[in-house]
Protein chains: 2
Amino acid sequence: MNVENKDINFLQDDRMVSSELIFDGAILRLYHNQLKLDSGQIVSRELIHHQPAAAILAVTSENKILLVKQYRPAIVEDIYEVPAGILDYHDSATEVAEVGALRELEEETGYQAKRIEKIASFYVTPGYLNEEITLFHASELVKVDNPLPQDADEDVTVYEFTKAEIKTMMAKGEIKDLKTLYALQIWLNQ
Amino acid sequence: MNVENKDINFLQDDRMVSSELIFDGAILRLYHNQLKLDSGQIVSRELIHHQPAAAILAVTSENKILLVKQYRPAIVEDIYEVPAGILDYHDSATEVAEVGALRELEEETGYQAKRIEKIASFYVTPGYLNEEITLFHASELVKVDNPLPQDADEDVTVYEFTKAEIKTMMAKGEIKDLKTLYALQIWLNQ
């Protein structure tokens, strides 16, 4: 993975006593570190670095939400999610979240957004993973004729749902992705 | 980690062409697998197994929410979270989520709940991780005199907040954990 040690937050932790790089993969790096807690106790922690990501609550002019459905090997299921993607890392800097959000929206749904606002940034699994997602609200959407192409190994289908449809799907447990549940909860209460 | 291959969902995927176990840790297992997609394309995927967990939206009789604050090495921060914990795995079976939720609530906050209801189950990071969390709503809380002890390497502080306080904290970006943001969004809209 094209990222430097100085850009991985948990490798800069004053509490770190030792660090072992276990795996350097395409999307994640796994470390096995020893830390000295404030109590003086030495503990062992398995820590994963993953690039930050952006996710988009994208609402059409007909007040429908755009969700994408794709096969997720980790859970062996096709699930609905808000459009999202990893922020690129280049020139020793992580892509600005808003730029990445607009790119992912276009790649995954074929829509551009004239208006985009940050909702929140959050950690998805702070117990052992440093991935941070910034969630945006995108509106004033325009379907483009020649959108950015999807990644070659992605196969994403786009859906548009009304609030009533989403409520039914949530009640049936058909929305299973946490960032998507959070985004939908915000949208339903607007 | 004390779990068998047959109990890891993504090792049972018909699309799997090959699988390499990279790391077998205390809380996670990392695999590097090759998969044959429906399109016929062979893709490489880094996949993490982590035991399922339970999280609890616990509301006191004064309509305050219980949050815990603890140091999280992966993000090098002390953050607020709803009480939560990994479900134990023993006798070749994963602990029932409701039992684990009540145990974690008592260990982390010193409260027992007379009433507990499931809100939803979800995946925290379905792109590369199979961890599933079941979120419960706990109420009719009773402070116990001799609660279950915290895990030896945990140092958790308990807080109680009103809805007004939570709204202020969220507006300031002080709640940074995704499952907690989702739980709070539900609570604020009740």
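Residue numbers start from 1 in every chain, and the chains themselves are labelled A, B, ... in the order their sequence lines are given, proteins ahead of strands.
Atom NZ of A:Lys36 sits in a sparse spot, with 12 or fewer heavy atoms from other residues, nucleotides or ligands closer than 6.0 Å. For A:Lys172, the NZ atom sits in a loose shell: 12 or fewer heavy atoms of surrounding residues, nucleotides or ligands are nearer than 6.0 Å. Applying the 6.0 Å contact sphere to CG of A:Asp14 captures no more than 12 heavy atoms from other residues, nucleotides or ligands.
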Checklist entry - So B:Glu81 and A:Tyr123, side chain to side chain donor-acceptor pair (under 3.5 Å) or not? Walk me through it. => result CA-CA 11 Å; B:Glu81 292 171 69; A:Tyr123 298 105; over 6 Å; no
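When the side chains of ILVMFWY residues are joined at heavy-atom separations under 4.5 Å, either directly or via intervening members, A:Tyr80 and A:Leu188 end up in a single hydrophobic cluster. Under the 4.5 Å side-chain heavy-atom criterion for ILVMFWY residues, no single connected hydrophobic cluster contains both A:Leu105 and A:Trp187. When the side chains of ILVMFWY residues are joined at heavy-atom separations under 4.5 Å, either directly or via intervening members, A:Val68 and A:Phe136 end up in two distinct hydrophobic clusters. A:Leu102 and A:Val82 fall into different hydrophobic clusters, where Ile, Leu, Val, Met, Phe, Trp and Tyr are joined by side-chain heavy atoms under 4.5 Å apart, directly or via other members. Clustering ILVMFWY residues whenever any of their side-chain heavy atoms sit less than 4.5 angstrom apart, transitively, puts B:Leu37 in a cluster other than the one holding A:Val156.
Exactly one of B:Val124, B:Ile75, B:Ile133 qualifies for a side chain to side chain contact (heavy atoms under 4.5 Å, CB included) with A:Thr125. That residue is B:Val124.
The contact between B:Ile79 and chain A is made entirely by side chain atoms (from C-beta outward), counting heavy-atom distances below 4.5 Å. Only the side chain of A:His50 comes within less than 4.5 Å of a heavy atom of chain B; its backbone N, CA, C and O stay farther away. Proximity to chain A (any heavy atom under 4.5 Å) is restricted, for B:Leu30, to the side chain, taken from C-beta onward. Proximity to chain A is absent for every atom of B:Glu132, based on heavy atoms less than 4.5 angstrom apart. Interface residue B:Tyr71: only side-chain heavy atoms are found under 4.5 Å from chain A. For A:Ile48, the part lying near chain B is the side chain, with the backbone staying farther off; criterion is any non-hydrogen pair under 4.5 Å. Only the side chain of A:Glu77 comes within less than 4.5 Å of a heavy atom of chain B; its backbone N, CA, C and O stay farther away.
Contact count versus chain A (heavy atoms, under 4.5 Å) is highest, among B:Ser39, B:Ala53, B:Pro126, B:Ala120, for B:Pro126. Each of B:Leu35, B:Leu28, B:Ile22 has some count of heavy-atom pairs under 4.5 Å with chain A, and the biggest count is that of B:Leu28. Counting heavy-atom pairs closer than 4.5 Å to chain B, the top residue among A:Ile186, A:Leu184, A:Asp177, A:Val76 is A:Val76. Ranked by heavy-atom pairs shorter than 4.5 Å toward chain B, the options A:Ser121, A:Gly173, A:Ala26 are led by A:Ala26. Here A:Asp13 is the residue among A:Asp13, A:Ile8, A:Asn130 with the most heavy-atom pairs under 4.5 Å with chain B.
Taking 4.5 Å as the limit, some side-chain heavy atom of A:Pro73 sits within range of a side-chain heavy atom of B:Leu47.
Panel note: side chain B:Asn9, backbone A:Ala74; a donor-acceptor pair is recorded below 3.5 Å.
With rounding to the nearest 0.5 Å, the separation of CD1 in A:Ile119 from CE in B:Met170 is 10.5 Å. If you take CG on B:Leu181 and NZ on A:Lys179, they are separated by 14.5 Å, rounding to the nearest 0.5 Å. The CD atom of B:Glu131 sits 10.0 Å away from atom CG of A:Leu178, with the distance rounded to the nearest 0.5 Å. Atom CG in B:Asp38 sits 8.0 Å away from atom CG in A:Asp78 (nearest 0.5 Å). Distance check: B:Ile27 CD1 to A:Glu46 CD gives 5.0 Å after rounding to the nearest 0.5 Å. With rounding to the nearest 0.5 Å, the separation of CZ in A:Arg72 from CG in B:Leu129 is 11.5 Å.
Under the 30°/60° scheme for interplanar angles, the aromatic rings of B:His32 and A:Phe23 are found to stand perpendicular.
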